[in-house]
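To start, the structure itself, in structure tokens.
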Amino acid sequence: MIKEWATVVSWQGGIAQVSCDVKASCSSCASRAGCGSRVLNKLGPQTSHTITVPSEAPLVVGQKVELGIAEGSLLTSALLVYMSPLVGLFLVAGIFQMLFQSDLAALSGAVLGGVGGFLLARGLSPKLAAREAWQPIILSVGLPPDLVRVDTSPADSGQ
């Protein structure tokens with residue numbers, strides 16, 4: 001199970017909308033200064049994603065929840081998104097190369113196969129995302145923000 005903390009944006013009738021912040025791919029290793037991934041992450045937009053999740057327990061805006069999603073669903077979706085264009089690219093390029101015996105035909109086939117694989121992944125992803133096993137679930141709920149109190153007054157040392 002892959003876990004991530006999110007903040008509740010709204011809760012109505014057993015449905016919670018939660019916001020997950022996009023994190024940089026790395027921030028803990030010793031080579032942060034020379035890391036290319038860190039530089040690229042700084043260039044991109046820092047956004048957050050809003051997800052709708054069922055919740056039986058009433059939630060308060062600002063409350064933290066821990067979301068979980070099965071590894072299998074995440075790996076399958078990544079496989080679909082990355083491999084279908086790649087397989088389409090090589091398959092159609094090879095077929096065009098055999099049929100037309102030219103590099104230009106192979107290049108055209110590679111482009112057509114890559115685009116076709118992308119369109120296939122795009123068409124299949126909503127159907128797969130609708131499966132219940134692929135939906136994130138709430139694993140644990142943090143305290144509401146109004147219940148957390150920090151006492152900053154000095155403690156009485158005389159009693």
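When reading the values below, keep in mind they use all heavy atoms of this one structure, side chains included, and skip hydrogens, waters and symmetry mates.
- Proximity of a side-chain donor or acceptor of Gln135 to a complementary backbone N or O of Val53 within less than 3.5 Å is not detected.
- Closest of all the heavy-atom pairs between Ser84 and Leu80 is OG-O, 2.6 Å.
- Here the closest heavy-atom approach between residue Val9 and residue Ser19 is recorded as CG2-CB, 3.6 Å.
- Between Leu59 and Ile138, the closest side-chain pair of non-hydrogen atoms falls below 4.5 Å.
- With values rounded to the nearest 0.5 angstrom, Leu139 atom CG is found 11.5 Å from Glu4 atom CD.
- Residues Ala16 and Trp11 come closest through the heavy atom pair CB-CD1, 3.8 Å.
- For Ile51 against Pro136, the heavy-atom pair with the smallest separation is CG2-CG, 3.9 Å.
- In this structure Thr7 satisfies the side chain to side chain donor-acceptor pair (under 3.5 Å) test together with Lys64, sequence neighbours excluded.
- Of all the heavy atoms in Ala6 and Leu67, the pair that sits closest is CB-CD1, 3.9 Å.
- Glu66 is linked by a side chain to side chain donor-acceptor pair (under 3.5 Å) to Ser140, counting only residues two or more places apart in sequence or in another chain.
- Other members of the hydrophobic cluster containing Ile2, listed by chain and number, are Ile69, Leu74; membership follows side-chain contacts under 4.5 Å among ILVMFWY residues, whether direct or relayed.
- For Ala110, the side chain to side chain contact (heavy atoms under 4.5 Å, CB included) partners two or more places apart in sequence, or in a different chain, are Leu89, Ala93.
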Could you pull out every donor-acceptor pair under 3.5 Å between side chains of residues 118-134 and any protein atom, sequence neighbours left out?
| residue | atom | partner | partner atom | Å |
| --- | --- | --- | --- | --- |
| Ser125 | OG | Ala121 | O | 3.3 |
| Ser125 | OG | Arg122 | O | 3.3 |

List, one per line, each side-chain donor-acceptor pair under 3.5 Å for residues 94-106, sequence neighbours excluded.
| residue | atom | partner | partner atom | Å |
| --- | --- | --- | --- | --- |
| Gln101 | NE2 | Met98 | O | 3.0 |
| Ser102 | OG | Leu104 | N | 3.3 |
| Ser102 | OG | Ala105 | N | 3.0 |

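- In terms of hydrophobic clustering, with Ile, Leu, Val, Met, Phe, Trp and Tyr side chains grouped at heavy-atom distances under 4.5 Å, Val92 and Val87 are assigned to different clusters.
- Looking at residues two or more places apart in sequence or on another chain, you find a side chain to side chain contact (heavy atoms under 4.5 Å, CB included) between Ser10 and Gln17.
- Closest approach of Leu143 and Gln63 over heavy atoms only: O-CG, 3.8 Å.
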